[in-house]
*Asks:* 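Below you will find the structure I want to go over with you.
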Amino acid sequence: MNTDSSAPAVAIQGLTKVYARQGRGSSKHALDNVSLTIRRGEIFGLLGPNGAGKSTLINILAGLVNKTAGTVAIWGLDIDREPRASRGAIGVVPQELNIDPFFTPRELLEVQAGLYGVPEAERRTAEILEAVGLADKATSYARTLSGGMRRRLLVAKAMVHRPPVLVLDEPTAGVDVELRQGLWDYVRRLNAAGTTILLTTHYLPEAEQLCDRIAIINHGRLIACDTTKALTSRLDRKEMRLILDGDLAALPPSLSRYDVVQKGPREIAFRYRPSQVRAGTLLDAARDAGLGILDISTEESDLEDIFIELTRAPAATA
Ligand code: ADP
Ligand code: MG
């Protein structure tokens, strides 16, 4: 592998992909000047709504889609100058569960190892199947495997050549909750053993739990890239709901200097920035306005809020 250990796991500069449109209509910018760096050893999440360009980005890394412009280096290896070596540094679990139905898991891994030139003596088919919980299915036809098992088989397939970077495109699609947990446990173990992970997911709470850093793309553009913690605090927004002890005909004028709305006859909600306004100040204001407070609840913004907020901006000329 590359000896330059200062090179990032993945370095993407000005990555652009334009798919030629069939028939009438303009061409499609699936990726528009995306730059980002994935560090060695991290779990990096790529988030974005359907059609954002996540799979396009991943397929370019995998050498399955040709980029229109920009540069990509995997483990310090430029994908144009060293296509073979760079492909050897990455294992990709595709979004689609395409597996030849008449192969067994053992055969599939052996074939894959052969494709990557892994010598017989260095193959570890049994060990990998064990790790993804498919040891007892080693000789069953793939067509008899459930969706969750197929997904795990594809993870196993991506790991046969021991790549330092593992990429998972929407790995939880079609995987039930229990198996999803098992899959994430395995991904965490791989990461703890030194594998850098890049994943895309729609499960934002999971991204929040799993990822060290997160990039958000929308309409092919990078709209945020930060630590999970910084992204969540970036919004700096909370909501405080007050349940009142009597009906309220209208909001007291003295509260008009706050961002407050009436939610029901006996419920109002303040929206505020915790960095600037203390909850106690809002409570005092409500009491000073003569409101009797029966109950209070507050809500933090989570990644879902940030995601919605950041992706709400309409696309410029897409
Ligand atoms: P995501 O994985 O985030 O859902 P994709 O990368 O699959 O997004 O797609 C990004 C955009 O590129 C979408 O508008 C999609 O329709 C378009 N696209 C993807 N693949 C092709 C293709 N082979 N030919 C033309 N357009 C494509
Ligand atoms: Mg996709």
Side-chain angles (χ1 to χ4, degrees), residues 10 12-36 38 43-72 74 79 87 90-99 147-148 150-155 157-158 165-175 180 183-184 187 197-208 210-211 213-226 228 231 303-304 306-318:
V10 180
I12 296 171
Q13 272 296 327
L15 189 60
T16 297
K17 174 65 188 179
V18 183
Y19 288 110
R21 269 272 165 81
Q22 314 284 318
R24 286 189 296 154
S26 56
S27 51
K28 172 85 197 174
H29 263 80
L31 291 173
D32 189 358
N33 198 23
V34 171
S35 298
L36 57 90
I38 298 166
I43 303 186
F44 190 96
L46 186 62
L47 297 184
N50 267 333
K54 304 181 296 296
S55 291
T56 299
L57 186 146
I58 278 171
N59 289 335
I60 290 171
L61 298 186
L64 299 171
V65 167
N66 289 321
K67 60 189 165 55
T68 305
T71 60
V72 176
I74 300 163
I79 63 167
R87 267 205 294 278
I90 197 170
V92 178
V93 184
Q95 187 172 351
E96 274 81 36
L97 291 172
N98 283 331
I99 300 176
R150 285 172 200 216
R151 180 72 63 189
R152 285 179 285 147
L153 179 54
L154 287 175
V155 175
K157 187 180 160 197
V165 182
L166 178 66
V167 178
L168 303 117
D169 195 3
E170 315 249 357
T172 51
V175 178
R180 194 180 296 156
L183 186 62
W184 289 139
V187 165
I197 310 283
L198 165 61
L199 62 91
T200 75
T201 176
H202 277 114
Y203 283 91
L204 303 190
E206 271 176 347
E208 228 173 329
L210 269 169
C211 299
R213 291 193 306 139
I214 290 175
I216 299 176
I217 59 171
N218 194 30
H219 299 293
R221 298 211 177 102
L222 186 73
I223 53 175
C225 180
D226 216 330
T228 308
L231 259 188
L303 200 49
E304 187 86 40
I306 295 174
F307 187 69
I308 290 165
E309 171 99 1
L310 292 174
T311 57
R312 196 160 41 203
T317 47

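Just so you know, ligand 1 is whichever comes first in the structure, and atom 1 is the first atom listed for that ligand.
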*Asks:* Can any side-chain N or O of R151 pair as donor or acceptor with the backbone N or O of P171 at less than 3.5 Å?
*Replies:*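 Between the backbone of P171 and the side chain of R151 there is a qualifying donor-acceptor contact (under 3.5 Å).
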
*Asks:* Examine S55 against ligand 1 and note whether any of their N/O atoms are separated by less than 3.5 Å.
*Replies:*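 Indeed, backbone or side chain, S55 has an N or O that close.
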
*Asks:* Check L36 against A215 and note the closest heavy-atom contact, atom names and distance.
*Replies:*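 Where L36 meets A215 most closely, the heavy atoms are CD2-CB, 4.0 Å.
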
*Asks:* Please determine if the Mg ion (ligand 2) has an N/O/S atom from T200 lying under 2.8 Å away.
*Replies:*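 Checking T200: none of its N, O or S atoms is under 2.8 Å.
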
*Asks:* Just need the protein heavy atom nearest to atom 10 (C) of ligand 1, so name the residue and atom and give the distance.
*Replies:*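 I find the closest protein heavy atom is G51 O, 3.3 Å.
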
*Asks:* Could you list which atoms of ligand 1 come closer than 4.0 Å to a heavy atom of N50?
*Replies:*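 Per the distance check, 4 (O).
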
*Asks:* Verify, without hydrogens or angle tests, whether T68 (side chain) and V18 (backbone) share a donor-acceptor contact under 3.5 angstrom.
*Replies:*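 Between the backbone of V18 and the side chain of T68 there is a qualifying donor-acceptor contact (under 3.5 Å).
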
*Asks:* Using the side chain to side chain contact (heavy atoms under 4.5 Å, CB included) definition, which of the options L210, I38, V165, L166 pairs with I197?
*Replies:*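 Single side chain to side chain contact (heavy atoms under 4.5 Å, CB included) partner of I197 among L210, I38, V165, L166: L166.
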
*Asks:* May I ask you to identify, for K28, whether its side chain, its backbone, both or neither come under 4.0 Å of ligand 1 on a heavy-atom basis?
*Replies:*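 Only the side chain of K28 comes within reach of ligand 1.
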
*Asks:* Indicate whether atom 26 (N) of ligand 1 is within a distance of less than 4.0 angstrom of some protein heavy atom.
*Replies:*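 Yes, because at least one protein heavy atom sits under 4.0 Å from atom 26 (N) of ligand 1.
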
*Asks:* Indicate yes or no for a side-chain donor-acceptor contact from K54 to the backbone of L47 under 3.5 Å, with no hydrogens or angles considered.
*Replies:*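 It does not hold such a pair.
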
*Asks:* Go through ligand 1 atom by atom and flag the ones less than 4.0 Å from a non-hydrogen atom of A30.
*Replies:*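 The list of qualifying atoms is 11 (C), 12 (O).
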
*Asks:* I'd like to know if the side chain of T16 pairs up with that of N33 as donor and acceptor (distance under 3.5 Å, no hydrogens or angles considered).
*Replies:*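 Note: T16 and N33 side chains miss the donor-acceptor criterion.
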
*Asks:* Do you know the tightest heavy-atom contact between A62 and V92?
*Replies:*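 Looks like CB-CG2, 3.5 Å.
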
*Asks:* Which heavy atom in Y19 sits nearest to a heavy atom in A30, and how many Å separate them?
*Replies:*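 Taking Y19 first and A30 second, the nearest heavy atoms are CE1-CB, 3.4 Å.
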
*Asks:* Nearest protein heavy-atom contact for atom 8 (O) of ligand 1: which residue, which atom, what distance?
*Replies:*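 Atom 8 (O) of ligand 1 sits closest to the protein heavy atom G53 N, 3.1 Å.
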
*Asks:* At less than 4.0 angstrom from any non-hydrogen atom of A52, what atoms of ligand 1 do you find?
*Replies:*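 Close to A52: 1 (P), 3 (O), 8 (O).
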
*Asks:* Of the backbone atoms (N, CA, C, O) and the side-chain heavy atoms from C-beta on, which set of P49 has a member under 4.0 Å from an atom of ligand 1: side chain, backbone, both, or neither?
*Replies:*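 For P49, the contact with ligand 1 is made by the backbone alone.
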
*Asks:* Just distances here: any N/O of A20 and N/O of ligand 1 closer than 3.5 Å?
*Replies:*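 No, A20 has no N/O under 3.5 Å of an N/O on ligand 1.
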
*Asks:* Give a yes or no on whether the backbone of L15 and the side-chain of K67 come within a donor-acceptor separation of less than 3.5 Å.
*Replies:*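 Checking the backbone N and O of L15 against the side chain of K67, no donor-acceptor pair under 3.5 Å is found.
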
*Asks:* Heavy atoms only: which of T56, V65, L31 lies closest to atom 5 (P) of ligand 1?
*Replies:*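 It is T56 whose heavy atom sits nearest to atom 5 (P) of ligand 1.
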
*Asks:* Any protein heavy-atom neighbour for atom 15 (C) of ligand 1 (distance below 4.0 angstrom)?
*Replies:*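 No, no protein heavy atom sits under 4.0 Å from atom 15 (C) of ligand 1.
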
*Asks:* Do any of the N/O/S atoms of T56, backbone or side chain, fall under 2.8 Å from the Mg ion (ligand 2)?
*Replies:*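 So T56 does not bind the Mg ion (ligand 2) by this criterion.
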
*Asks:* For atom 18 (N) of ligand 1, what's the nearest protein heavy atom and its distance?
*Replies:*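 Its nearest protein heavy-atom neighbour is Y19 CE1, 3.4 Å.
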
*Asks:* Answer yes or no: is there a side-chain heavy-atom contact under 4.5 Å between I217 and L222?
*Replies:*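 Yes, close enough: below the 4.5 Å cut-off.
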
